[in-house]
Asks: 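Have a look at the structure that comes next, please.
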Amino acid sequence: MGKTKGFKRLRVGSYIRELSTVVIGVAITLFVSGLISASKEKKDLELQLDALYTESEDNLKRLNNIIEFYESHNKLKKFLVDYYYNPQPNIVDSIQNYRTVYTHTTAFSYKKGAYNMFVNSGAMKSLTDRNLLLRITEIYAMLEELDQQHEKFLDSKTEVFNDIYRMETKDIFVSDILSPKMQSVYNFHALYEGLDIQEKQIKKQIEELLLIRK
(Lines give C-alpha, C1' and ligand atoms only; values in the text may rest on other atoms or scores of the structure.)
Protein backbone atom coordinates (compact mmCIF):
# COMPACT_ATOMS: atom_id res chain seq x y z
CA MET A 1 0.00 0.00 0.00
CA GLY A 2 2.80 2.35 0.90
CA LYS A 3 4.62 1.51 -2.30
CA THR A 4 1.47 2.28 -4.32
CA LYS A 5 1.10 5.73 -2.75
CA GLY A 6 4.77 6.43 -3.27
CA PHE A 7 4.47 5.40 -6.91
CA LYS A 8 1.45 7.71 -7.39
CA ARG A 9 3.34 10.61 -5.81
CA LEU A 10 6.24 9.89 -8.12
CA ARG A 11 4.00 9.94 -11.17
CA VAL A 12 2.29 13.16 -10.04
CA GLY A 13 5.64 14.80 -9.38
CA SER A 14 6.92 13.70 -12.76
CA TYR A 15 3.79 15.07 -14.46
CA ILE A 16 4.15 18.41 -12.68
CA ARG A 17 7.79 18.66 -13.73
CA GLU A 18 6.91 17.85 -17.34
CA LEU A 19 4.03 20.35 -17.26
CA SER A 20 6.30 23.00 -15.78
CA THR A 21 8.84 22.35 -18.53
CA VAL A 22 6.16 22.75 -21.19
CA VAL A 23 4.80 25.95 -19.61
CA ILE A 24 8.27 27.43 -19.29
CA GLY A 25 9.08 26.44 -22.86
CA VAL A 26 5.89 28.07 -24.15
CA ALA A 27 6.58 31.19 -22.08
CA ILE A 28 10.12 31.45 -23.47
CA THR A 29 8.83 30.93 -27.01
CA LEU A 30 6.22 33.64 -26.57
CA PHE A 31 8.76 35.97 -25.01
CA VAL A 32 11.26 35.45 -27.84
CA SER A 33 8.50 35.81 -30.43
CA GLY A 34 7.43 39.03 -28.75
CA LEU A 35 10.98 40.36 -28.90
CA ILE A 36 11.28 39.46 -32.57
CA SER A 37 7.91 41.02 -33.35
CA ALA A 38 8.78 44.19 -31.42
CA SER A 39 12.15 44.38 -33.17
CA LYS A 40 10.52 43.97 -36.59
CA GLU A 41 7.87 46.56 -35.74
CA LYS A 42 10.55 49.01 -34.62
CA LYS A 43 12.57 48.42 -37.79
CA ASP A 44 9.48 48.91 -39.98
CA LEU A 45 8.68 52.14 -38.15
CA GLU A 46 12.23 53.44 -38.66
CA LEU A 47 12.09 52.62 -42.37
CA GLN A 48 8.77 54.40 -42.78
CA LEU A 49 9.99 57.44 -40.85
CA ASP A 50 13.06 57.56 -43.11
CA ALA A 51 10.74 57.51 -46.11
CA LEU A 52 8.72 60.34 -44.56
CA TYR A 53 11.83 62.43 -43.97
CA THR A 54 13.00 61.86 -47.55
CA GLU A 55 9.57 62.83 -48.82
CA SER A 56 9.64 65.95 -46.65
CA GLU A 57 12.98 66.98 -48.18
CA ASP A 58 11.41 66.81 -51.63
CA ASN A 59 8.33 68.71 -50.47
CA LEU A 60 10.59 71.40 -49.04
CA LYS A 61 12.14 71.95 -52.48
CA ARG A 62 8.68 72.19 -54.04
CA LEU A 63 7.65 74.60 -51.31
CA ASN A 64 10.65 76.85 -51.96
CA ASN A 65 9.58 77.16 -55.60
CA ILE A 66 6.07 78.22 -54.68
CA ILE A 67 7.38 80.66 -52.05
CA GLU A 68 9.46 82.32 -54.76
CA PHE A 69 6.34 82.49 -56.96
CA TYR A 70 4.30 84.33 -54.33
CA GLU A 71 7.16 86.59 -53.29
CA SER A 72 7.32 87.77 -56.90
CA HIS A 73 3.59 88.53 -56.77
CA ASN A 74 4.05 90.48 -53.56
CA LYS A 75 6.74 92.60 -55.20
CA LEU A 76 4.46 93.22 -58.17
CA LYS A 77 1.62 94.21 -55.87
CA LYS A 78 3.82 96.73 -54.06
CA PHE A 79 4.98 98.12 -57.39
CA LEU A 80 1.41 98.56 -58.67
CA VAL A 81 0.14 100.17 -55.48
CA ASP A 82 3.11 102.55 -55.37
CA TYR A 83 2.55 103.41 -59.01
CA TYR A 84 -1.13 104.12 -58.38
CA TYR A 85 -0.40 106.64 -55.62
CA ASN A 86 2.73 108.05 -57.21
CA PRO A 87 2.72 107.49 -60.98
CA GLN A 88 6.04 108.28 -62.62
CA PRO A 89 6.71 108.16 -66.37
CA ASN A 90 10.17 106.66 -65.98
CA ILE A 91 8.79 103.75 -63.98
CA VAL A 92 7.06 102.29 -67.01
CA ASP A 93 10.24 100.57 -68.17
CA SER A 94 10.50 98.80 -64.81
CA ILE A 95 7.22 96.99 -65.36
CA GLN A 96 8.90 94.79 -67.94
CA ASN A 97 10.77 93.12 -65.06
CA TYR A 98 7.42 91.84 -63.82
CA ARG A 99 6.00 90.66 -67.13
CA THR A 100 6.63 86.99 -66.40
CA VAL A 101 4.95 87.40 -63.01
CA TYR A 102 1.59 88.54 -64.34
CA THR A 103 1.65 86.43 -67.50
CA HIS A 104 2.74 83.07 -66.05
CA THR A 105 1.54 80.60 -63.45
CA THR A 106 3.35 77.96 -61.44
CA ALA A 107 1.82 74.61 -60.57
CA PHE A 108 2.18 73.18 -57.09
CA SER A 109 1.86 69.61 -55.91
CA TYR A 110 3.35 67.78 -52.98
CA LYS A 111 4.30 64.17 -52.43
CA LYS A 112 2.32 62.16 -49.88
CA GLY A 113 2.93 58.52 -50.84
CA ALA A 114 5.16 57.83 -47.83
CA TYR A 115 2.68 59.55 -45.52
CA ASN A 116 -0.25 57.53 -46.88
CA MET A 117 1.72 54.32 -46.35
CA PHE A 118 2.62 55.47 -42.83
CA VAL A 119 -1.07 55.93 -42.04
CA ASN A 120 -2.51 52.89 -43.82
CA SER A 121 0.13 50.38 -42.69
CA GLY A 122 -0.59 51.02 -39.03
CA ALA A 123 2.93 52.32 -38.36
CA MET A 124 1.36 55.51 -37.06
CA LYS A 125 0.05 53.58 -34.05
CA SER A 126 3.57 52.34 -33.27
CA LEU A 127 4.98 55.84 -32.96
CA THR A 128 5.09 56.55 -29.23
CA ASP A 129 6.36 60.10 -29.69
CA ARG A 130 2.98 61.81 -29.92
CA ASN A 131 4.54 65.26 -30.44
CA LEU A 132 6.39 63.97 -33.51
CA LEU A 133 3.21 62.35 -34.78
CA LEU A 134 1.30 65.60 -34.32
CA ARG A 135 4.00 67.55 -36.15
CA ILE A 136 3.93 65.15 -39.12
CA THR A 137 0.13 65.16 -39.44
CA GLU A 138 -0.01 68.96 -39.16
CA ILE A 139 2.57 69.39 -41.94
CA TYR A 140 0.63 67.25 -44.38
CA ALA A 141 -2.66 68.92 -43.43
CA MET A 142 -1.08 72.33 -44.10
CA LEU A 143 0.36 71.14 -47.41
CA GLU A 144 -3.07 69.93 -48.48
CA GLU A 145 -4.64 73.26 -47.55
CA LEU A 146 -1.93 75.14 -49.44
CA ASP A 147 -2.48 72.93 -52.47
CA GLN A 148 -6.19 73.78 -52.50
CA GLN A 149 -5.68 77.50 -51.94
CA HIS A 150 -3.02 77.71 -54.63
CA GLU A 151 -5.36 75.98 -57.05
CA LYS A 152 -8.04 78.58 -56.32
CA PHE A 153 -5.56 81.38 -56.87
CA LEU A 154 -4.51 79.94 -60.23
CA ASP A 155 -8.15 79.60 -61.26
CA SER A 156 -8.77 83.25 -60.41
CA LYS A 157 -5.62 84.40 -62.19
CA THR A 158 -6.49 82.36 -65.28
CA GLU A 159 -9.98 83.81 -65.35
CA VAL A 160 -8.62 87.35 -65.18
CA PHE A 161 -5.91 86.60 -67.71
CA ASN A 162 -8.56 85.44 -70.19
CA ASP A 163 -9.35 89.12 -70.70
CA ILE A 164 -6.06 89.38 -72.56
CA TYR A 165 -7.19 86.76 -75.04
CA ARG A 166 -10.19 88.93 -75.85
CA MET A 167 -8.00 91.89 -76.71
CA GLU A 168 -7.10 92.72 -80.27
CA THR A 169 -3.93 90.90 -81.28
CA LYS A 170 -2.06 94.10 -82.10
CA ASP A 171 -2.69 95.36 -78.56
CA ILE A 172 -1.50 92.21 -76.80
CA PHE A 173 2.12 92.58 -77.85
CA VAL A 174 2.41 96.29 -77.18
CA SER A 175 0.45 96.56 -73.95
CA ASP A 176 1.70 95.97 -70.45
CA ILE A 177 -0.10 95.72 -67.14
CA LEU A 178 -0.19 99.53 -66.82
CA SER A 179 -2.21 99.85 -70.00
CA PRO A 180 -5.89 100.83 -69.48
CA LYS A 181 -6.82 97.88 -71.67
CA MET A 182 -5.41 95.55 -69.02
CA GLN A 183 -7.19 97.16 -66.09
CA SER A 184 -8.64 93.85 -64.81
CA VAL A 185 -5.16 92.30 -64.74
CA TYR A 186 -3.80 95.39 -62.96
CA ASN A 187 -6.57 95.35 -60.36
CA PHE A 188 -6.20 91.64 -59.69
CA HIS A 189 -2.50 91.88 -58.93
CA ALA A 190 -2.77 95.18 -57.06
CA LEU A 191 -5.39 93.70 -54.74
CA TYR A 192 -3.62 90.36 -54.50
CA GLU A 193 -3.54 88.71 -51.07
CA GLY A 194 -0.64 86.29 -50.98
CA LEU A 195 -0.20 82.95 -49.32
CA ASP A 196 3.46 83.49 -48.50
CA ILE A 197 2.93 83.65 -44.73
CA GLN A 198 1.31 80.22 -44.71
CA GLU A 199 4.00 78.81 -46.99
CA LYS A 200 6.77 80.05 -44.75
CA GLN A 201 5.06 78.53 -41.71
CA ILE A 202 4.98 75.16 -43.46
CA LYS A 203 8.61 75.55 -44.49
CA LYS A 204 9.59 76.22 -40.87
CA GLN A 205 7.66 73.13 -39.70
CA ILE A 206 9.34 70.90 -42.29
CA GLU A 207 12.80 72.25 -41.48
CA GLU A 208 12.22 71.56 -37.78
CA LEU A 209 11.04 68.04 -38.65
CA LEU A 210 14.20 67.38 -40.65
CA LEU A 211 16.34 68.59 -37.74
CA ILE A 212 14.81 65.81 -35.63
CA ARG A 213 16.10 63.27 -38.15
CA LYS A 214 19.67 64.51 -37.67
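The shown structure was predicted, so the numbers you read here are calculated from the model rather than taken from an experiment.
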Asks: Look at the side-chain heavy atoms of Ile, Leu, Val, Met, Phe, Trp and Tyr, link any pair under 4.5 Å apart, and say whether Leu132 and Leu52 land in one connected group.
Replies: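 Per the 4.5 Å side-chain linkage, Leu132 and Leu52 are co-clustered.
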
Asks: Using a cut-off of 6.0 Å, state whether more than 12 heavy atoms not belonging to Gln183 lie near its atom CD.
Replies: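 For Gln183, atom CD is not crowded (no more than 12 foreign heavy atoms under 6.0 Å).
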
Asks: Are any side-chain N or O atoms of Arg62 and backbone N or O atoms of Phe108, one a donor and one an acceptor, separated by less than 3.5 Å?
Replies: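 It does not hold such a pair.
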
Asks: Looking at every heavy atom in both Glu199 and Ile67, which two are closest together, and how far apart are they?
Replies: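 For Glu199 and Ile67, the tightest heavy-atom pair comes out as OE1-CA, 3.1 Å.
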
Asks: Is the side chain of His104 donor-acceptor paired with the backbone N or O of Thr100 at a distance under 3.5 Å, no angle test?
Replies: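 Pair found, side chain donor or acceptor close to backbone of Thr100.
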
Asks: Can you name the nearest heavy-atom pair linking Thr106 to Leu154, along with the distance?
Replies: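 Smallest interatomic distance, heavy atoms only, reads O-CD1, 3.6 Å.
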
Asks: Hydrophobic cluster membership, with links at side-chain heavy-atom distances under 4.5 Å among I/L/V/M/F/W/Y: are Leu178 and Tyr85 in one?
Replies: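 Cluster IDs for Leu178 and Tyr85 match.
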
Asks: Do Leu210 and Ser56 make a side-chain contact, defined as non-hydrogen atoms from C-beta onward lying under 4.5 Å apart?
Replies: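 Leu210 vs Ser56: side chains touch.
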
Asks: State plainly whether one hydrophobic cluster holds both Phe118 and Ile212, where clusters connect Ile, Leu, Val, Met, Phe, Trp and Tyr through side-chain heavy atoms under 4.5 angstrom apart.
Replies: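 Shared cluster, yes.
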
Asks: In Å, rounded to the nearest 0.5 Å, how long is the span from CD of Glu151 to CG of Asp155?
Replies: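 Going from the CD atom of Glu151 to the CG atom of Asp155 covers 5.5 Å.
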
Asks: Can you hop from Val81 to Ile95 via hydrophobic side chains spaced under 4.5 Å?
Replies: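 Val81 clusters together with Ile95.
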
Asks: To the closest 0.5 Å, what do you measure between CD (Gln205) and OH (Tyr140)?
Replies: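 Spacing of CD (Gln205) from OH (Tyr140) equals 13.0 Å.
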
Asks: Do NZ/NE/NH1/NH2 and the carboxylate oxygens of Glu208 and Arg135 come within less than 4.0 Å?
Replies: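 Yes, this pair counts.
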
Asks: Verify the cluster assignment for Phe79 and Tyr84: are they in a single hydrophobic cluster under the rule of side-chain heavy atoms below 4.5 Å apart?
Replies: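 Same hydrophobic cluster.
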
Asks: Return the set of residues passing side-chain contact (heavy atoms from CB on, under 4.5 Å) with Phe188 (not counting sequence neighbours), or none when no residue passes.
Replies: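 Partners of Phe188 under the side-chain contact (heavy atoms from CB on, under 4.5 Å) test: Phe153, Ser156, Lys157, Val160.
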
Asks: Test salt bridge (Lys or Arg N to Asp or Glu O under 4.0 Å) on Glu71 and Lys200; report intermediate values, then the result.
Replies: CA-CA 11 Å; Glu71 284 180 342; Lys200 290 174 181 176; 3.5 Å; yes

Asks: Using the test side-chain contact (heavy atoms from CB on, under 4.5 Å), find all partners of Thr137 that sit at least two apart in sequence or belong to another chain.
Replies: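 Once residues adjacent in sequence are excluded, the partners of Thr137 under the side-chain contact (heavy atoms from CB on, under 4.5 Å) criterion are Tyr115, Met124, Leu133, Leu134.
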
Asks: Under 4.5 Å between any side-chain heavy atoms of Tyr192 and Asn74, yes or no?
Replies: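 Contact flag for Tyr192/Asn74 side chains = yes.
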
Asks: Specify the closest pair of heavy atoms between Leu80 and Ala190, including all atoms of both residues, with the distance to one decimal.
Replies: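 Taking Leu80 first and Ala190 second, the nearest heavy atoms are CD1-N, 3.8 Å.
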
Asks: What is the distance from atom NZ of Lys152 to atom CG of Asp147, rounded to the nearest 0.5 Å?
Replies: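 Nearest 0.5 Å value for the NZ-CG distance: 11.5 Å.
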
Asks: Determine whether the side chains of Gln48 and Tyr53 contain a donor N or O and an acceptor N or O closer than 3.5 Å.
Replies: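 Tyr53 and Gln48 do not have a side-chain donor-acceptor pair below 3.5 Å.
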
Asks: Residues in side-chain contact (heavy atoms from CB on, under 4.5 Å) with Asp82, at least two apart?
Replies: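 Counting only residues at least two positions away or on another chain, Asp82 forms a side-chain contact (heavy atoms from CB on, under 4.5 Å) with Lys78.
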
Asks: Can you name the side-chain contact (heavy atoms from CB on, under 4.5 Å) partners of Glu159, sequence neighbours left out?
Replies: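 For Glu159 there are no side-chain contact (heavy atoms from CB on, under 4.5 Å) partners, ignoring immediate neighbours.
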
Asks: Output the distance between atom CG (Leu63) and atom CD (Gln201), rounded to the nearest 0.5 Å.
Replies: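 It comes to 11.0 Å.
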
Asks: Output, in order, the C-alpha distance, side-chain angles, deciding distance and verdict of side chain to side chain contact (heavy atoms under 4.5 Å, CB included) for Gln198 and Gln149.
Replies: CA-CA 10 Å; Gln198 180 184 358; Gln149 291 185 356; 2.8 Å; yes

Asks: Would Leu49 and Leu127 satisfy side chain to side chain contact (heavy atoms under 4.5 Å, CB included), going step by step from the backbone distance to the final call?
Replies: CA-CA 9 Å; Leu49 285 176; Leu127 184 58; 4.2 Å; yes

Asks: Would you check if Val185 and Thr103 make a side-chain contact, meaning some heavy-atom pair closer than 4.5 Å?
Replies: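 Side chain of Val185 against side chain of Thr103, heavy atoms only: no contact under 4.5 Å found.
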
Asks: From Tyr98 OH over to Ile177 CD1, what is the distance, rounded to the nearest 0.5 angstrom?
Replies: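 Rounded to the nearest 0.5 Å, the OH-CD1 separation comes out at 11.0 Å.
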
Asks: Do Ile202 and Leu60 have side chains that get closer than 4.5 Å, going by heavy atoms?
Replies: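 SC-SC contact between Ile202 and Leu60 ruled out.
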
Asks: NZ of Lys111 to CG of Asp58: how many Å apart, nearest 0.5 Å?
Replies: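 Rounded to the nearest 0.5 Å, the NZ-CG separation comes out at 4.0 Å.
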
Asks: If you draw a 6.0 Å radius around CD in Glu68, do more than 12 non-hydrogen atoms from other residues or ligands fall strictly inside?
Replies: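 Not more than 12 within 6.0 Å, no.
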
Asks: List for me each residue that meets ring-ring contact (aromatic ring centres under 6.0 Å, His included) alongside His189, sequence neighbours excluded, and say none if there are none.
Replies: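 So His189 forms a ring-ring contact (aromatic ring centres under 6.0 Å, His included) with His73.
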
Asks: With sequence neighbours excluded, tell me which residues meet side chain to side chain donor-acceptor pair (under 3.5 Å) with Glu144.
Replies: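 For Glu144, the residues satisfying side chain to side chain donor-acceptor pair (under 3.5 Å) (neighbours in sequence not counted) are Tyr110, Gln148.
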
Asks: Check whether any side-chain heavy atom of Asp176 sits under 4.5 Å from a side-chain heavy atom of Met182, and report yes or no.
Replies: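 No, too far: nothing below the 4.5 Å cut-off.
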
